[in-house]
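The block underneath contains the structure these notes are about, expressed in structure tokens.
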Protein chains: 2
Amino acid sequence: MDDRKQLILRAIIREYIGKIEPVSSKNITGKYGLDVSSATVRNEMSHLEKLGYIEQPHTSAGRIPSELGYRYYVDYLMEKYRLALREKQAIDNQLDERVDKLESLLERAGAILSELTSYPSIVSEPTFKQKKYRHIKLVGIDEKLALLVIVLDDGEIKNYQVNLVGRMEDEDFIRISNVLDEQLAGKEVNDLSGNLVEQLAFQAVADKLVLEDVLRALTEVAGNSNMNNIHISGTLNIFNQPEFKDVEKVRDLLSFFEQQKALQRLVEGGSEGISIKIGEEVPLDNLEGLSVITSTYCINGKPVGTIGVIGPTRMTYSKSSTLLEKISEGLEVSLIKMLR
Amino acid sequence: MDDRKQLILRAIIREYIGKIEPVSSKNITGKYGLDVSSATVRNEMSHLEKLGYIEQPHTSAGRIPSELGYRYYVDYLMEKYRLALREKQAIDNQLDERVDKLESLLERAGAILSELTSYPSIVSEPTFKQKKYRHIKLVGIDEKLALLVIVLDDGEIKNYQVNLVGRMEDEDFIRISNVLDEQLAGKEVNDLSGNLVEQLAFQAVADKLVLEDVLRALTEVAGNSNMNNIHISGTLNIFNQPEFKDVEKVRDLLSFFEQQKALQRLVEGGSEGISIKIGEEVPLDNLEGLSVITSTYCINGKPVGTIGVIGPTRMTYSKSSTLLEKISEGLEVSLIKMLR
DNA sequence: CTTTAGCACTCATCAGAATAGAGTGCTAAA
DNA sequence: TTTAGCACTCTATTCTGATGAGTGCTAAAG
């Protein structure tokens, strides 16, 4: 790959990303620092095609980048994108504003990413290696109802309704809260061994029926702790992409977006930092022509979640990855502020 | 409208709903109890067209029902749909299962409605004329954090995080809880007058910063109480409808589904019970060719929410409205059980 | 007066043919 | 090594005519 070939490959990719039409030799002569004739460019193109970086839809058409071509571009040719001022401001506005719920923050991050890139975005909720209980408290609401408040070590607060059968006094609530706290605080959430359950049942003699509700809640917490939910936003952006003018494709992608399990595969196994997967590299069998850019985000220096965008293979890699990087950083800052 | 015209109109509509192609005179002779020649049917059709009940896409095509035709069909010709056993079971399965969250229940109702009709479904959360506070409690979690638990008179429980600056003892929480309870219990949520705020500020002298968070939460509750959220499910069902083979239309409808305010117009102002709105009758300017069937659902005999389906004007009115009716009834039963 | 067979007429749809044009690869000269 | 020139290929567009479904009208039959 000599300099001129690189120049031409880059020119083809940039042009194609912009116009989404096969680019001809004539089309890029004179621009992109190419001061040679179209014939020369044609010769080089012919060579680039043999190398597998570009391909021809049909004989009398221009060239389009192959997945290998995009890969080469992303690895060696892509120049840094400079954020526009309004992009910077938009990111800051969205992420700086005070939010007290983890979900809202992630939602905002996804929304702004989607808005600025015009691609659907995907955000996974943070996973901690092993979530632990920090606090558990049973709070009386009225005669028939109590609320089980569970605080996890990642700062997340969950609560569940617990039905009461008999009359419970304030001291009862305090006693049960203490039992729960002693037994569970510091323990991992999916460490809900039978032994523990028995102990709870033995100690919290107050009211069997209450205990049932409590155990249901604990089991639910344990169940949810393994799977981290994934949120998609800006899905309708795909309608702006010309490769989705076909209803079938739109349907396939949108219904893919509704499958949590499939989405999971997009975020798992990513190395730390920005990762760009192009076409076949995307671990999805039934979807073609897609690229995914993801970034892990960290809490306390440890990667705990993923945020990314999904676009056609001819997506704006430079702009999108830069935006993703900035938003990911902003998200980390806000997370720290939020969790304190 | 003599008997035979009605017979023919019904035949055209049934045939069209099934095949979604203009129906010809020949096509319905012999079926639907029509023992006359196609020529006779043609004459009648010609008349029906003059009356405005059917129309012709072009000269040499069959007839399709007009919106007026559907209206006549729904009002006078439609026969009762008999639920299949598996449909009955599916409904019971979905709605009988124990759920403790209002949202989950509504979600289930929408999902099963969507699944059985193959149309997107819409469910509005119940509104109560004026929500009131039933209980308010401030619960300490740890040194820095407390939880404001708000119980509304419809049984809904909300909670908000409240940051603490100074050290708070148990009695502080109890004191503040009492103040809040005294001041707010029984009051309407959007009755957050300045006077009340001042009183709170004066009485809850404990910690200004805590109060700020509390007020933010109360304002949010008041704000949310007016607008009842609306959930859509089964949106991808529109891809099964031939009238949405055009990407533009799909985009328009899907982006409409994302606008809460627009959806609101679909559920508001509906009279009690089942309501069928056809084509132009649907209060949406920019969407054409859609019909909406809605049903109000009641709590304590008062209509508090709406559930419905959205389909093309040639939707299966009979089947859909019957299914909707049953699901709406099932939802009411489950709601009563849940709220006790 | 109602029904129906027969027939001319209309119009969408489809396949095939002709045309235009974009872009290439190759060759030979610079 | 570069480039002008040219023949060649293939797509996209337009036009054409054939096909056939379905109607409306007319005139005869019931």
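In this text, all values refer to a predicted model and were calculated from it rather than measured experimentally. In what follows, chains are A, B, ... by sequence order, proteins preceding strands, each numbered from 1.
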Could you state the [atom1]-[atom2] distance from [X] to [N], rounded to the nearest angstrom?
X       : N      : atom1 : atom2 : value
B:Glu21 : D:dT23 : CD    : P     : 13 Å
B:Glu55 : D:dT23 : CD    : C1'   : 16 Å
B:His47 : C:dT3  : NE2   : C1'   : 17 Å
B:Leu34 : C:dT4  : CG    : P     : 11 Å
A:Met45 : C:dA22 : CE    : P     : 16 Å
A:Glu44 : C:dG23 : CD    : P     : 19 Å
A:Asp2  : D:dT1  : CG    : P     : 11 Å

| said: Check A:Glu67 with A:Arg314, please: is the shortest side-chain N to carboxylate O separation under 4.0 Å? | reply: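 Between A:Glu67 and A:Arg314 there is no salt bridge, as every charged N stays at least 4.0 Å from the carboxylate O atoms.
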| Does the pair A:Lys5 and A:Asp2 meet the rule for a salt bridge (charged side-chain N to carboxylate O under 4.0 Å, His left out), with working shown? | CA-CA 5 Å; A:Lys5 281 199 184 57; A:Asp2 55 45; 3.3 Å; yes
Look at all strands and tell whether [X] reaches a base, only sugar-phosphate, or nothing, counting heavy atoms closer than 4.0 Å.
X       : answer
A:Thr59 : sugar-phosphate
B:Thr40 : base
A:Ser25 : sugar-phosphate

| query | Phosphate oxygens OP1/OP2 of D:dG22: is one of them under 4.0 Å from a side-chain N or O of B:Ser60? | reply | no
| field | Short side-chain N/O contact from A:Arg42 to OP1 or OP2 of C:dA22, under 4.0 Å | value |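 Answer is no, no contact under 4.0 Å.
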Nucleotide nearest [X] when distance is taken to its side chain, options [options]:
X       : options                : value
B:Ser37 : C:dG25, C:dA5, D:dT3   : C:dA5
A:Val36 : C:dG25, D:dG24, D:dT3  : D:dT3
B:Arg63 : C:dG25, D:dG24, C:dT3  : D:dG24
B:Ser24 : C:dG25, C:dG23, D:dT23 : D:dT23

| message | My understanding is that a pair needs two contacts under 3.5 Å, Watson-Crick or G-U wobble. By that rule, which nucleotide pairs with C:dA29? | response |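 By the stated definition (distances under 3.5 Å), D:dT2 pairs with C:dA29.
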| Above 12 or not: heavy atoms from other molecules or residues under 6.0 Å from CG of B:Asn240? |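 For B:Asn240, atom CG is crowded (more than 12 foreign heavy atoms under 6.0 Å).
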| Is the side chain of B:Glu21 donor-acceptor paired with the backbone N or O of B:Glu15 at a distance under 3.5 Å, no angle test? | no
| query | Taking for each residue the nucleotide of DNA chain C bearing the nearest heavy atom, is the 5' side occupied by B:Pro57 or by B:Asn43? | reply |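 The residue mapped nearer the 5' terminus is B:Asn43.
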| query | Looking at A:Thr29 and A:Val36, what are the two nearest heavy atoms and their distance? | reply | CG2-O, 3.5 Å
